[in-house]
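Just so you know, these numbers use all the heavy atoms, side chains as well, and skip hydrogens, waters and symmetry mates. In what follows, chains are A, B, ... by sequence order, proteins preceding strands, each numbered from 1.
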Amino acid sequence: DTEVTQTPKHLVMGMTNKKSLKCEQHMGHRAMYWYKQKAKKPPELMFVYSYEKLSINESVPSRFSPECPNSSLLNLHLHALQPEDSALYLCASSQVGLAGSGETQYFGPGTRLLVL
Amino acid sequence: AQSVTQPDIHITVSEGASLELRCNYSYGATPYLFWYVQSPGQGLQLLLKYFSGDTLVQGIKGFEAEFKRSQSSFNLRKPSVHWSDAAEYFCAVGARVSGGYNKLIFGAGTRLAVHP
């Protein structure tokens with residue numbers, strides 16, 4: 001099973017709202033990722049967790065707050081977002097996330113976020 | 001700097017015709033190269049990857065890619081395209097970042113349209 005699940009599929013929120021995106025995998029992977037993808041653009045890395053520790057933060061604004069409660073779950077907490085944050089948010093996972101291993105990242109279907 | 005270039009933004013082929021999507025990379029060490037496909041509104045699905053060994057890599061859905069170090073290329077091919085192949089195709093390189101972790105650097109993508 002190489003499935004990564006994400007909920008919700010769609011989310012509409014106002015600029016004052018607080019919401020969360022959820023990602024789950026049961027492949028035993030110890031690295032999990034959040035990517036942001038704007039329309040007609042490639043995915044851009046936001047965060048990487050390896051062994052439940054935040055390993056990479058690509059200078060993402062603090063209105064995005066990731067959380068990895070356990071090795072299977074990854075959350076992205078959203079607060080005071082701007083309309084330009086509207087995008088497809090993709091979660092991915094891989095074995096451990098270390099460079100040099102050539103490991104594959106498996107992606108979820110994404111959450112389409114619209115900020116009004 | 002590490003980068004991936006996909007020179008063709010948009011390609012249109014007839015069903016049954018052959019296909020080649022181009023990808024060029026810039027990376028100092030031995031690259032780990034990937035091709036992903038994304039249908040509209042969906043996540044990314046891995047088609048194939050090059051890690052080491054045989055430079056001709058077979059993937060899912062009848063796709064193959066050839067790694068040519070001398071040309072810094074990793075072009076994707078399919079001998080006969082089906083209408084269901086219409087999608088966005090991303091080439092990516094696995095790059096080492098600080099702390100020894102891994103990130104994917106994506107090309108801009110090639111949108112494939114298939115005429116019946």
**Q.** A:Lys38 NZ: over 12 foreign heavy atoms closer than 6.0 Å
**A.** yes
Q: For the pair A:Leu45 and B:Leu104, evaluate side-chain contact (heavy atoms from CB on, under 4.5 Å) and give the outcome as yes or no after the intermediate values.
A: CA-CA 8 Å; A:Leu45 182 66; B:Leu104 287 178; over 6 Å; no
Q. Heavy-atom distance under 4.5 Å between the side chains of A:Met46 and A:Tyr89, does that happen here?
A. yes
Q) Pick from B:Lys103, B:Gln45, B:Glu88: which one has the most heavy-atom pairs with chain A under 4.5 Å? A) B:Lys103
Q. Passes side-chain hydrogen bond (donor to acceptor under 3.5 Å, both in side chains), A:Thr104 versus B:Lys49? Steps please.
A. CA-CA 8 Å; A:Thr104 298; B:Lys49 73 175 188 181; 3.0 Å; yes
Q.
Has A:Asn57 got a side-chain atom pairing as donor or acceptor with A:Val60's backbone, closer than 3.5 angstrom?
A. yes
**Q.** Closest non-hydrogen atom pair between B:Gln2 and B:Ala95, with its separation
**A.** OE1-CB, 3.4 Å
Q) Which of residues 70-79 of chain B get closer than 4.5 angstrom to chain A, counting heavy atoms alone? A) none
Q: Kindly say whether the aromatic ring centers of A:Tyr106 and B:Tyr36 come within a distance under 6.0 Å.
A: no
Q: Answer yes or no: is there a donor N or O on one side and an acceptor on the other, between the side chain of B:Glu15 and the main chain of B:Trp83, under 3.5 Å?
A: yes
Q | Residues, nucleotides or ligands: over 12 heavy atoms within 6.0 Å of B:Ile60 CD1 | A | yes
Q. Which of residues 28-36 of chain A have a heavy atom under 4.5 Å from any heavy atom of chain B?
A. A:Tyr33, A:Tyr35
Q) Out of curiosity, does B:Ile11 fall in the hydrophobic cluster containing B:Trp35 (side-chain heavy atoms, cut-off under 4.5 Å, transitive links)? A) yes
Q) Taking A:Pro43, A:Gly108, A:Ala39, A:Ser50 one by one, which has the highest count of heavy-atom pairs under 4.5 Å against chain B? A) A:Pro43
Q.
Could you check whether any side-chain heavy atom of A:Thr111 comes within less than 4.5 Å of a side-chain heavy atom of A:Cys91, counting everything from C-beta outward?
A. no
Q: Mind telling me whether A:Phe107 and B:Phe106 have parallel, tilted or perpendicular rings, with 30° and 60° as the class edges?
A: perpendicular
Q | B:Ser26 side chain to B:Ser3 backbone, donor-acceptor under 3.5 Å | A | no
Q: Tell me the residues of residues 107-116 of chain B whose non-hydrogen atoms fall below 4.5 Å from those of chain A, in number order.
A: B:Gly107, B:Ala108
Q | Worked check of side-chain contact (heavy atoms from CB on, under 4.5 Å) between B:Gln6 and B:Asn24 | A | CA-CA 7 Å; B:Gln6 294 180 246; B:Asn24 293 97; over 6 Å; no
Q: Please look at A:Glu58 and chain B and tell me whether the side chain, the backbone, both or neither of the residue comes under 4.5 angstrom of a heavy atom of that chain.
A: side chain
Q. Are any of the side-chain heavy atoms of A:Met13 and A:Leu116 separated by less than 4.5 Å?
A. no
Q | Heavy-atom contact with chain A under 4.5 Å, split by part of B:Leu46 | A | side chain
Q: Determine which residues belonging to residues 66-82 of chain A lie within contact range of chain B, meaning some heavy atom pair is under 4.5 Å apart, and list them by number or answer 'none'.
A: none
**Q.** Portion of A:Glu44 that has a non-hydrogen atom of chain B nearer than 4.5 angstrom
**A.** neither
Q | Residues A:Glu24, A:Gln6; criterion side-chain hydrogen bond (donor to acceptor under 3.5 Å, both in side chains); working and verdict | A | CA-CA 7 Å; A:Glu24 194 166 4; A:Gln6 291 186 245; over 6 Å; no
Q.
If hydrophobic clusters are built by linking Ile, Leu, Val, Met, Phe, Trp and Tyr wherever their side-chain heavy atoms come under 4.5 Å apart, do B:Tyr50 and B:Tyr89 end up in the same one?
A. yes
Q. Is chain A contacted by the side chain of B:Phe90, its backbone, both, or neither, given a heavy-atom distance below 4.5 Å?
A. side chain
Q: Determine whether more than 12 heavy atoms belonging to other residues, nucleotides or ligands lie under 6.0 Å from atom NE2 of A:His10.
A: no
Q. So which of A:Gln105, A:Arg112, A:Lys41 has the biggest tally of heavy-atom pairs under 4.5 Å with chain B?
A. A:Gln105
Q: Might you work through the salt bridge (charged side-chain N to carboxylate O under 4.0 Å, His left out) test for B:Asp8 and B:Arg22, ending with a clear yes or no?
A: CA-CA 7 Å; B:Asp8 305 304; B:Arg22 296 183 290 165; 2.9 Å; yes
(Q) If we ignore hydrogens and angles and just use 3.5 Å, is the side chain of B:Gln42 paired with the main-chain N or O of A:Pro109 as donor and acceptor? (A) no
